[in-house]
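Structure first, then comments.
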Amino acid sequence: MNNESPKTLFQDLMNRRVPHILGFYFAASWGILQFIDWAVNRYILSPHLVDFTLTSILSLIPSILILAYFHGAPGKDGWNNIEKIGIPVNVLGSLIILFMFFSAEDLGAATETVYVENEYGEKVERVIPKVNFRKNLAIFFFENNIEDPELDWIGHGLTQGVNVDLCQDMFVNSHAGVWEKLREKGFYDKNTVPLTIKREISKEIHVEFFIGGNVSLDEDGQYVVTVALHRTRDGKIIAENTFSNKNFFSLIDQISLQIKYDLEIPLGHL
């Protein structure tokens, strides 16, 4: 009997088309998630909307299973007590979960409209990112692996260039306090800064992410730069990319743009 029970249960579920309905639910949910993700990037909406949608979908699975089991089989079925109690309880539980996890989150637009006064005293409308959606970032000097003394400047030069590039994007707060902290800890003039020091400084200046890397020359005379984006909380590398270019300024542009992608700046903004 024990050997037949799973088979009987499976046949029962198939007869009631539970796997079919559940599969359709997941397929439709995937489409909804893709649309929400597209809308968030296209119209610069809160990225929390994707997590909100995913949580909603997962939390309602018990209701879908109940409906599929009792109404999936061909023919008309009446409502029973399990449905009358189970579905409202599941919906209520779903609402409680959503409230607990997302009541403090901004689920609207990631930008806001403000009015500023220009040099002529006129009120000008500007659309800027909300503070909660700006990425706080620390950029550390790139380790210089080039032996040419005439290129001793390049580690600091790359950092300065990338920092200037990122500072022009309102979605990125590139923290200027890094260099003062490096001076305090005696690493301002060092070619190599340990990861522990980078993470320590990033925590002290309260940034979510920090960047480090190195620069060298290849056989063709191209600058080769490796850039690693770390999460401050645990030091984990979120993204690591290598760039090569003979043009120093084009290299800076490539690095800055990739950093924005890695920070998940809305594509509609980029």
Side-chain angles (χ1 to χ4, degrees), residues 33-34 36-38 40-42 44-55 101-102 104-106 110-111 129-145 155-156 158-179 181-182 185 187 192-216 223-245 251-270:
L33 275 174
Q34 292 298 306
I36 295 296
D37 185 58
W38 171 83
V40 165
N41 282 292
R42 175 66 179 82
I44 316 182
L45 304 175
S46 168
H48 300 304
L49 282 171
V50 177
D51 295 331
F52 180 86
T53 304
L54 178 60
T55 304
F101 285 99
F102 297 100
E105 305 292 354
D106 187 342
T111 58
K130 293 178 181 176
V131 174
N132 292 339
F133 299 114
R134 296 176 188 172
K135 307 292 185 177
N136 295 308
L137 176 71
I139 305 177
F140 290 89
F141 296 132
F142 289 86
E143 181 179 339
N144 187 358
N145 295 326
H156 286 211
L158 268 174
T159 307
Q160 295 276 13
V162 171
N163 186 56
V164 169
D165 239 9
L166 292 176
C167 282
Q168 298 178 59
D169 193 310
M170 290 188 294
F171 269 93
V172 181
N173 286 330
S174 181
H175 207 287
V178 174
W179 304 325
K181 287 291 184 180
L182 286 172
K185 299 179 186 296
F187 283 95
T192 303
V193 179
L195 180 62
T196 53
I197 297 297
K198 293 177 181 177
R199 188 179 170 207
E200 182 181 319
I201 291 175
S202 299
K203 285 183 176 180
E204 290 177 2
I205 60 178
H206 307 292
V207 297
E208 302 168 85
F209 309 97
F210 65 91
I211 284 176
N214 60 76
V215 55
S216 60
Y223 299 113
V224 179
V225 182
T226 299
V227 182
L229 174 65
H230 296 258
R231 186 169 54 204
T232 301
R233 185 175 70 248
D234 52 14
K236 181 181 178 181
I237 294 178
I238 296 176
E240 188 171 25
N241 301 282
T242 300
F243 308 86
S244 59
N245 203 309
L251 191 63
I252 289 173
D253 291 338
Q254 290 175 342
I255 294 170
S256 302
L257 182 59
Q258 186 60 51
I259 289 172
K260 294 176 187 179
Y261 281 119
D262 293 335
L263 288 172
E264 298 183 347
I265 303 300
L267 298 179
H269 169 72
L270 295 180

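Everything quoted here is computed from the prediction, not taken from an experiment.
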Nearest 0.5 Å, please: how far is [atom2] in [Y] from [atom1] in [X]?
X	Y	atom1	atom2	answer
T192	N144	OG1	CG	9.5 Å
I36	T53	CD1	OG1	4.5 Å
L33	D51	CG	CG	9.5 Å
Q254	D165	CD	CG	11.5 Å

Of all heavy-atom pairs between [X] and [Y], which one has the smallest distance, and what is that distance?
X	Y	answer
K185	I201	CE-CG1, 3.6 Å
K198	V193	CE-O, 3.3 Å
Q258	F243	CB-CZ, 3.6 Å
T111	K130	O-CE, 3.4 Å
D106	S46	O-OG, 2.5 Å
V225	V227	CG1-CG2, 3.8 Å

Any side-chain donor near an acceptor of the partner, S174 and N163, under 3.5 Å: yes
Contacts of R231 that satisfy salt bridge (charged side-chain N to carboxylate O under 4.0 Å, His left out) - sequence neighbours left out: D234
Among I211, N173, V207, side-chain contact (heavy atoms from CB on, under 4.5 Å) partner for L137: I211
Between [Y] and [X], is there a side-chain heavy-atom distance shorter than 4.5 Å?
X	Y	answer
T159	W179	yes
F141	L182	yes
I139	V178	no
H206	N136	no
F210	L195	yes
I197	E200	yes
I238	D262	no
N145	V224	no

Parallel, tilted or perpendicular, as decided by the 30° and 60° cut-offs, for the rings of F52 and F102: perpendicular
Candidate pair K260 and L166, rule side chain to side chain contact (heavy atoms under 4.5 Å, CB included), full reasoning: CA-CA 8 Å; K260 294 176 187 179; L166 292 176; 3.9 Å; yes
Examine distances only and state if a side-chain atom of [X] and a backbone atom of [Y] form a donor-acceptor pair shorter than 3.5 Å.
X	Y	answer
R42	D37	no
H230	G235	yes
R199	T232	yes

Verdict with supporting geometry, L158 and L251, side chain to side chain contact (heavy atoms under 4.5 Å, CB included): CA-CA 9 Å; L158 268 174; L251 191 63; 4.3 Å; yes
Within 6.0 Å of CD in Q34, more than 12 heavy atoms from elsewhere: yes
Ring pair (Phe, Tyr, Trp, His ring centres under 6.0 Å) against F209, all qualifying residues, sequence neighbours excluded: none
Qualifying residues under ring pair (Phe, Tyr, Trp, His ring centres under 6.0 Å), relative to F171, sequence neighbours excluded: H269
